[in-house]
Amino acid sequence: MNLAVRDIRHNLSRFSLTAVGIGMLLMIVMGMGGIYRGLIEEATLLVDKIGADLWVVQYGTRGPFAEISRIPRNLEDRLRAVPGVRQARAFATYAVQREFRDKPLRMQVQGLSWPDDKGEWLPLIAGRRLGAAHYEMIADKILGLQLGDRLTLGKNHFTVVGITSGMSSMAGDGLAFFTLLDALEIQYDYSGEAVRLERKARRSRLARIDIGNTLPTFLERTELPSASLPAIARPPVSAVLVQLEPGADRDAVLATLSGWTDVSVFTRDGQKELLLKGVVDRARRQLGLFRALLIIISAVIMALILYTLTLEKLHDIAMLKLIGARNSVILSLILQQALLLGLLGYLFAFYLGQWVFPRFPRRVVIMQDDLLFLALIVAAISVLSSALGIWKAMRVEPNEVVS
Amino acid sequence: MSGSTITIDALGLTKVYGSGNAEVVAMRDVSFTLSSGEVVALLGPSGAGKSTLLTVVGLINTLTSGKLTIGNDLVTDGPIAKVDLRSYRRRFIGYVLQKANLIPFLTALENVQLALEINDVPARTARARALELLQYLGVDHRVDNLPHMLSGGEQQRVAVARALANRPRLVLADEPTAALDSVRGRQVMELFRSVAHEHGTTVLVATHDHRALDVFDRILEMEDGVLQSDHRNSEKAG
């Protein structure tokens, strides 16, 4: 005869409510783990999907995801000349926040080196890849844009031609993909007044030095756009992505590029490791501590509930002892209830989480291994938390039922 | 009924609580024997030591000194248990207390069945035996009811069924009719007598209730922890 089940049946509503409460706590524990996994996935998403073998970034920096990295765009040409390199494409990334339909729209702009990179690697759920050198964009669905929507960024209008799914930045912002030229134009967009002031400053700088006075044509050229002035560098990019020839010796190419004193080079794994250790690590530790605290709180609450349930049954336990019930009968009564409470709480957490987590503003990734690990922890805290009740039950004397 | 077999042999049972100035002698040098099939009343005012004697004989309280033998087994020698007391209680002793003390989350049938199952009786056999007992005690129409749905008399009859479930050598009852009206109380006492006489079970009942004394074969009287008298019942019915 299973006493635990019969006792639960007798106190079904209270037991169910307790399981729901435990389940909600466990759902938060589960969610915390999912948020951490989501952080990792968001952090490494682009590095994984973009498929570059090497990331060439500003010397001494850890790349565009860790800090500001600026390198000249013509580095592409130098890299293409290195033996073993099949393709080199410039890449730019930065965050912008604008208004769209009277709501703030925050996105992480990614500049793709069109036409080499039209976004073939993007997981499109609607529309198409970038088909023109200018004024097209692909947006992630998290941004809430629709195909055909037109956004004004800088002085240009961009049409949404494709929608991706699951592409977000470390900060949780949706990614938006433009051609590199458009991305740089958006980044370095200046107002008319700013341009006029800059031209004036150029004139004044030239007027102060001899060359401006001896060669007046220089003064005339200050009126030209920046791109037409050889002395003024073109806007830098964030990184250059290198893809190697099939069968090329990656270490040899890496050794060559490491000898260049104006850039730093990372492999794909190196870039991911930097992201995880540098950017995500603190969040990981914070979430980990929070999870540990929640697990401890769950264990304490479960222990108190089981202790209370046991206290209420002390008289019955004394009676069981009086009629000769073995300790194993009493122990299994408490332990089975603890495990059942943990199991029901866990199942409630799992199924509620399936409904709740997709509604979170940031990605929550629940992995099989994490679920299994949490199940083991729940089993362990169920057993541990029943210890207090078992201890109390074992101390009850059968003659207490007589007195 | 066979009155010749000794079920209980109590020799110099003494129980002292506390020590030094706080020492309280609850029971002093109590000796008696009980035979199988005997229904014995244990009388005495409150504080006479009746409950102490019952808990000691029921193996839920340790002796300070004295020897207790059940059947052929020396069970306790002073404070030292000579057998596994819980196992002994399970197999050989049944208890009926002032309140029925049924497990509240089990039905009447399950309460009786549980006593059998914890004595390793298979579930199906236990269920059949429990049903048979409840039928014998006239509460078979209440088998699926939880204790709170039963009247006081019905609860006590289920408690009696539980006490008898494992065909114990000894049934100990502590004021079993205190919560019942006189008619129900007498019914319970008569039940003890028929069980004892039909199955050879020894029944020792601590009671204040003098209205049903004619039911008992023997009467033990205690006062201030001492057994004052032990005599055959002259008022015994039929």
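Computed from heavy atoms alone, side chains included, the values below leave out hydrogens, waters and symmetry copies. Residue numbers start from 1 in every chain, and the chains themselves are labelled A, B, ... in the order their sequence lines are given, proteins ahead of strands.
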Give, as side chain, backbone, both or neither, the part of B:Q113 having an atom under 4.5 angstrom from any heavy atom of chain A.
-> both
Considering only heavy atoms from C-beta outward, does the side chain of B:D9 approach that of B:L68 to under 4.5 Å?
-> no
Flag the one option from B:L146, B:D120, B:D174 with the top tally of heavy-atom pairs under 4.5 Å to chain A.
-> B:D120
Whatever's closer than 4.5 Å to a heavy atom in chain A on B:I93 counts as neither
Exactly one candidate in A:T18, A:V378, A:I8 meets side chain to side chain contact (heavy atoms under 4.5 Å, CB included) with A:L341; the answer is A:T18
Side-chain donor-acceptor contacts of residues 22-29 of chain B below 3.5 Å, not counting sequence neighbours, with atom names and distances?
none

Is it the backbone or the side chain of B:L106 that comes under 4.5 Å from a heavy atom of chain A, or both, or neither?
-> side chain
Among the listed options B:A115, B:S51, B:S87, B:P104, the residue most often paired with chain A at heavy-atom distances under 4.5 Å = B:P104
Side chain, backbone, both or neither: which part of A:K313 has a heavy atom under 4.5 Å from chain B?
-> side chain
Side chains of A:L320 and B:L114: does their closest heavy-atom pair fall under 4.5 Å?
-> yes
Give me the contact list for residues 325-333 of chain A versus chain B, heavy atoms only, anything under 4.5 Å, ordered by residue number.
-> A:A325, A:R326, A:N327, A:V329, A:I330
Carefully, step by step, assess B:R129 and B:E132 under the rule salt bridge (charged side-chain N to carboxylate O under 4.0 Å, His left out).
-> CA-CA 5 Å; B:R129 166 96 178 124; B:E132 185 187 310; 3.7 Å; yes
If you tally heavy-atom pairs under 4.5 Å against chain B, which of A:N11, A:L3, A:L322 wins?
-> A:L322
Under a 4.5 Å heavy-atom cut-off, does chain A meet the side chain of B:R162, its backbone, both or neither?
-> side chain
Please answer whether the main-chain N or O of B:V158 pairs with a side-chain N or O of B:R142 as donor and acceptor at a distance below 3.5 Å.
-> no
Contact class of A:M319 relative to chain B, heavy atoms under 4.5 angstrom = side chain
Is it the case that A:R6 places NZ or CZ above or below the six-membered ring of B:F105, under 6.0 angstrom from the centre and within 45 degrees of the axis?
-> no
In this structure, are over 12 heavy atoms from other groups packed under 6.0 Å from A:Y351 atom OH?
-> no
Within the distance-only criterion (no hydrogens, no angle test), does the side chain of B:D77 pair as donor or acceptor with the backbone N or O of B:I80 below 3.5 angstrom?
-> no
Under 4.5 Å from any heavy atom of chain A - which part of B:P168 | neither
May I ask you to test the A:H315-B:K99 pair for a side-chain heavy-atom distance under 4.5 Å?
-> no
Checking heavy atoms, do the side chain of B:N101, its backbone, both or neither come under 4.5 Å from chain A?
-> both
Under the 3.5 angstrom rule, does the side chain of A:R363 hit a backbone N or O of A:G38 as a donor-acceptor pair?
-> no
Using 4.0 Å as the upper bound for N to carboxylate O, is an ion pair formed by A:E312 and A:R14?
-> yes
Checking B:T55 against chain A: side chain, backbone, both or neither under 4.5 Å from a heavy atom?
-> side chain
